[in-house]
Amino acid sequence: MNNPRKIFSEIYDQYVEKIYRFIFLKVNSREIAEDLTSETFLRGWEAFKMSHNPTSHKEKIENPPAFLYQIARNLVIDHYREKGKAQVVSVESSPIIDPRTDLKEKTILNSEFETVRLALVDLREEYQNVIVLHYLDDLSIPEIAKMFDKSEGTTRVLLHRALKALKNKLAQKHPKLT
Amino acid sequence: MNLAFGENYECFAYSMKMTETELIKKIQELRKISPRKDWVSLTKSQIFGKEPEMDFSQNLLFLANKLYLKVSPIAAGIIHPFRFFLGEGRYKPVLIVLAFLFILTSTTFVVAQNSLPGDFLYSLKKITERGQSIFVSERQKPSVQLELVNKRLEELAKITENNQTKKLAPALSEIKTTKDTVNKELSRIIENKPRKEAIKIVKEIAPRLKEIEEREKEVFAILGVEPPEDEGGEISEKTIAEFLINDLKNSSLTPVQENLLTEAEEDYQAGDYSGALEKAIEASWTK
């Protein structure tokens, strides 16, 4: 039995954490990430329902997860457009609240986790997305390729370049260490 | 999201010369970023609660299953075999309505059993108790009624514990009413039943009566008030003690029993009916 609610409910269970993380990495706020994630699934559900309605003329959504990621990306863009903020608030560009200037002390306080996160969100979007989707959300190369309408070969190259860019970004943030 | 703070500088410097594998491992630590579980459940219910896709009977079945498994395992066992019929057939509407009424009654009954004096469903609890007492034999009635006194005392104890001051007055009233019922029943037995039968019944309930009197003193001591007076005098302890003492006097006793009887009489004369009852009970049950 084709029950759209049951199907989408399973998709929700499977992807809610991934979509949340995908958004959080871009907005760096739990509240905003929660709002945008719930909006993503709400819109996704509405569209999914319509596409499964025999009386509607909407095309069936072949790849609901990809559709959800697309909605999430668009919502993040809309969010920043509304707020007029820069996408990345890096350590260097944030207002100096902490009067300490000693690099050693700052580095001790900043975790590796935060550094990697900031470096990731500082990458261009397609690099960011492919790293998150492949290494965090465990999507395969073919799945990512299908999602962005690229060939598998192109996606593999993109992933390799994304990793290299991230490594360079990490090195850039701490030039004294390279 | 839990951030790992306070990483060592030297350790981080080492990681800058990391391999691709190490970098991937670092990236995968970002999996720590996850939503709150309660937010996930709430959001799901908000999204899917807007327009349920299941039809009415499926919704009802789902609700019935959830409610029954939590509230009434016995009811679940009864309803479950019918779930297959609920999905199809001409009996579906009737069975759905019956199932719904059964759920409602069962749940209301369970909730009523835990209600306290002053609660909305308390009167239902009292009706249930009265209904149950209809099927009790005359001989067992005093015991059953004594247990109701105990129930009322436990309700009062719960109210006191939870500081539910608004329920105090109805609870105290319920205790008085229930004790009056016990006293009336005991009077009726003592006055109307053949002596031998009356003695048997009184001997059976006397120990339990003593326990409940003690419990009453405990509960009221916590409350800081005196237990309410029985209508028509202190029938319970005094009358039972007197009854047992008279019975013992007319029986052949062992030396131990004789001693206990003497002590019981002394306590009775001194107005210590609780002490007299305790010793009379002991003498009655000692061989």
Side-chain angles (χ1 to χ4, degrees), chain A residues 3-9 12-13 16-25 28 30 33-34 37-39 41-46 49 52 103-117 119-120 131-132 134-138 160 163-164 166-167 170-171 173-174 176-178, chain B residues 1-63 65-66 83-84 86-88:
Chain A
N3 186 342
R5 185 185 157 95
K6 191 167 182 273
I7 297 166
F8 199 80
S9 176
Y12 176 90
D13 292 337
V16 65
E17 189 174 320
K18 292 172 183 176
I19 297 287
Y20 173 88
R21 185 166 43 235
F22 182 80
I23 293 172
F24 183 91
L25 283 167
N28 194 29
R30 192 189 74 196
E34 283 176 355
T37 307
S38 61
E39 187 62 28
F41 279 96
L42 257 166
R43 292 191 189 190
W45 169 227
E46 291 300 320
K49 257 191 309 182
H52 277 76
L103 180 64
K104 184 173 177 177
E105 215 173 325
K106 264 192 184 171
T107 311
I108 290 166
L109 286 171
N110 284 338
S111 64
E112 276 187 29
F113 180 98
E114 186 65 1
T115 307
V116 171
R117 187 188 71 78
L120 180 64
I131 286 174
V132 168
H134 187 64
Y135 292 117
L136 293 183
D137 296 349
D138 294 325
H160 175 75
L163 271 182
K164 199 174 171 186
L166 180 63
K167 208 171 174 182
L170 284 166
K173 282 183 181 297
H174 300 276
K176 289 189 181 182
L177 301 169
T178 54
Chain B
M1 181 185 85
N2 291 317
L3 302 179
F5 286 98
E7 291 291 325
N8 187 278
Y9 182 88
E10 282 75 28
C11 176
F12 189 67
Y14 174 76
S15 74
M16 283 295 95
K17 301 198 191 328
M18 58 188 147
T19 61
E20 192 170 286
T21 314
E22 285 164 340
L23 177 61
I24 291 165
K25 230 178 159 180
K26 294 270 173 266
I27 292 166
Q28 286 175 335
E29 278 176 26
L30 294 174
R31 281 183 180 152
K32 284 176 195 167
I33 300 170
S34 61
R36 294 174 297 144
K37 282 187 169 53
D38 57 331
W39 172 86
V40 169
S41 312
L42 182 65
T43 303
K44 190 176 184 180
S45 63
Q46 282 170 348
I47 292 168
F48 295 105
K50 286 181 190 285
E51 277 177 50
E53 282 291 309
M54 288 190 285
D55 67 21
F56 178 72
S57 63
Q58 282 176 309
N59 269 324
L60 195 61
L61 257 177
F62 179 75
L63 188 68
N65 279 336
K66 281 270 184 195
R83 72 189 186 281
F84 298 112
L86 284 168
E88 58 192 356

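To find a chain, count down the sequence lines: A is the first, B the second, and so on, and within it residues start at 1.
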Next on the checklist: Does A/Leu166 form a side-chain contact (heavy atoms from CB on, under 4.5 Å) with B/Ile27? I'd like the steps, not just the answer.
Outcome noted: CA-CA 10 Å; A/Leu166 180 63; B/Ile27 292 166; 3.4 Å; yes
Next on the checklist: Is there a side-chain contact (heavy atoms from CB on, under 4.5 Å) between B/Ile33 and A/Leu136? Walk through the geometry before answering.
Outcome noted: CA-CA 10 Å; B/Ile33 300 170; A/Leu136 293 183; over 6 Å; no
Item to check | Nearest non-hydrogen partners of A/Arg21 and B/Leu30, listed with the distance | outcome: CD-O, 3.4 Å
Next on the checklist: Please verify the inter-ring angle class for A/Tyr12 with B/Phe48; under 30° counts as parallel, over 60° as perpendicular, anything in between as tilted.
Outcome noted: perpendicular
Checklist entry - Given A/Arg117 and B/Lys32, is the side-chain contact (heavy atoms from CB on, under 4.5 Å) satisfied, shown in steps? => result CA-CA 11 Å; A/Arg117 187 188 71 78; B/Lys32 284 176 195 167; over 6 Å; no
Next on the checklist: With rounding to the nearest 0.5 angstrom, report the NZ to OH distance, B/Lys26 to A/Tyr135.
Outcome noted: 15.5 Å
Item to check | pair A/Asp138-B/Arg31: side-chain heavy atoms closer than 4.5 Å | outcome: yes
Next on the checklist: Show, in sequence, the C-alpha distance, side-chain angles and deciding distance for A/Thr37 and B/Trp39, and conclude whether the side-chain contact (heavy atoms from CB on, under 4.5 Å) test is met.
Outcome noted: CA-CA 11 Å; A/Thr37 307; B/Trp39 172 86; 3.6 Å; yes
Item to check | Among the listed options A/Glu34, A/Glu17, A/Lys164, the residue most often paired with chain B at heavy-atom distances under 4.5 Å | outcome: A/Glu34
Next on the checklist: Within this structure, what is the OG-NZ distance for the pair B/Ser34 and A/Lys18, rounded to the nearest 0.5 Å?
Outcome noted: 13.5 Å
Next on the checklist: For chain A, which candidate among B/Gln28, B/Lys44, B/Glu29 shows the most heavy-atom pairs at distances under 4.5 Å?
Outcome noted: B/Lys44
Checklist outcome for this item: Output for pair (A/Trp45 CH2, B/Ile47 CD1), nearest 0.5 Å, gives 10.0 Å
Checklist outcome for this item: Shortest non-hydrogen pair, B/Thr43 vs A/Ser38, comes out as CG2-CB, 3.5 Å
